[in-house]
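One structure is given here, and the rest of the page talks about it.
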Amino acid sequence: SMGGDRLALVALTLLVYARSKSPLLAAVTFAAGFVPYLVGGMFLSGLADRLSRRTVMVTCDLIRFVLVGAMLVPAAPLGVLIALLYAVTLFQPPFDASRSAIVRDVLDSDTYPLGMAIMASTNRVVVVAGSAAGGLIVALFGARPALGADAATFVASALLIRFGVGARPAPASDSGGQSPLAQLADGIRLVFGDPALRMLIALGWLAAFY
């Protein structure tokens, strides 16, 4: 599904530029692959600790399938297409948080570091490969087949997770009735109060801003 995201991102960026001839609009479109992650990461990732993680992952995939499917409506305005792409990216953080958490449940302490390393390497490969494939598909067939391929990847991902990942109860919530904003503040204090975590988050931000 991450490879499909790259397909959609490249396809829509090229489509927006072809229609508008505006480099600014094309850049705004391409930023949809990154900017919504800030909001989704802060306010939606906590769903992985309140609900069944498998359910969160499947639901995020199905929501993104519907959103990408809406992009296939003929003659959809550019503003609507860009907004839909931003919404698609918004649901990536809760998916990622659930995936990271469930991997810790699946793997023991000896295999967990290897599993996370394999996942990280795979993610990097599919981001590059998906971008390259997106450009190739758009060049040969146009933007709509690339968007259709993206929608199909979300269905495949949802099916694989639903029937390939064991059901586990939702993690017990210990939020004590806190609001999401209060939990966000607690998380900020935890991360920035620890020098090691502060350095890790700074390196992550450096890569994102670059």
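Computed from a prediction, not measured in an experiment: that's the story for all the values here. The basis for the numbers below is simple: all heavy atoms, side chains too, and nothing from hydrogens, waters or symmetry mates.
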Item to complete: Take atom CZ of Arg198 as the centre, draw a 6.0 Å sphere, and report whether it contains more than 12 heavy atoms from other residues, nucleotides or ligands.
Response: yes
Worksheet item: Is any side-chain heavy atom of Met71 closer than 4.5 Å to a side-chain heavy atom of Leu85?
Response: yes
Discussion item. So Val106 and Arg168, do their side chains get closer than 4.5 Å, heavy atoms only?
Written reply: yes
Worksheet entry | Taking every non-hydrogen atom, the tightest pair across Ala158 and Leu62 | CB-CD2, 4.0 Å
Practice prompt. Can you see which heavy atom on Ala149 is nearest to which on Leu7, and at what distance?
Written response: CB-CD1, 3.8 Å
Practice prompt. Mind listing the closest non-hydrogen atom pair of Pro145 and Gly142 along with its distance?
Written response: CD-O, 3.3 Å
Worksheet item: Same hydrophobic cluster for Ile201 and Leu190, using side-chain heavy-atom links shorter than 4.5 Å among ILVMFWY?
Response: no
Worksheet item: Quick one: are Leu81 and Val16 in side-chain contact, heavy atoms under 4.5 Å?
Response: no
Worksheet item: Given side chains that start at C-beta, do those of Arg104 and Ser109 come closer than 4.5 Å, heavy atoms only?
Response: yes
Fill in: Inter-residue atom distance Leu84.CG - Leu90.CG, 0.5 Å rounding
12.0 Å
Fill in: Single-linkage hydrophobic cluster Val80~Val88, side-chain heavy atoms < 4.5 angstrom
yes
Item to complete: Mind listing the closest non-hydrogen atom pair of Val56 and Ser98 along with its distance?
Response: CG1-OG, 3.2 Å
Discussion item. Distance check, rounded to the nearest 0.5 Å: Ile102 atom CD1 versus Leu107 atom CG?
Written reply: 10.5 Å
Worksheet entry | Min side-chain heavy-atom separation Leu15-Arg19 under 4.5 Å | yes
Fill in: Within-4.5 Å side-chain heavy-atom neighbours: Val58 and Phe163
no
Fill in: Note, Leu12 side chain near Leu147 side chain (heavy atom, < 4.5 Å)
yes
Discussion item. Would you compute the distance between atom CG of Asp150 and atom CG of Leu9 and round it to the nearest 0.5 angstrom?
Written reply: 9.5 Å
Practice prompt. Looking only at non-hydrogen atoms, find the nearest pair between Ala31 and Tyr86 and report the distance.
Written response: CB-OH, 3.8 Å
Fill in: Side chain to side chain, Phe95 and Ile161, heavy atoms closer than 4.5 Å
yes
Item to complete: Indicate yes or no for a side-chain donor-acceptor contact from Arg144 to the backbone of Leu72 under 3.5 Å, with no hydrogens or angles considered.
Response: yes
Practice prompt. Treating Ile, Leu, Val, Met, Phe, Trp and Tyr as nodes and any side-chain heavy-atom pair under 4.5 angstrom as an edge, say whether Val73 and Val68 lie in one connected cluster.
Written response: no
Worksheet item: Can we say Arg162 and Asp61 salt-bridge, meaning some charged N sits less than 4.0 Å from an Asp/Glu carboxylate O?
Response: no
Worksheet item: About how many Å separate CZ of Phe154 and CD1 of Ile63, when rounded to the nearest 0.5 Å?
Response: 11.0 Å
Fill in: Shortest non-hydrogen contact from Ala26 toward Thr13
O-CG2, 3.6 Å
Practice prompt. Supply the atom-to-atom distance Thr29 OG1 to Tyr17 OH, rounded to the nearest 0.5 angstrom.
Written response: 12.5 Å
Worksheet item: Is it the case that one hydrophobic cluster holds both Val126 and Phe65, taking links as side-chain heavy atoms less than 4.5 Å apart, direct or via other members?
Response: no
Worksheet item: For the atom pair OG (Ser157) and CE (Met2), what is the distance rounded to the nearest 0.5 Å?
Response: 10.0 Å
Practice prompt. Please answer: with hydrophobic residues joined when any side-chain heavy atoms are less than 4.5 Å apart, are Ile118 and Met116 in the same cluster?
Written response: no
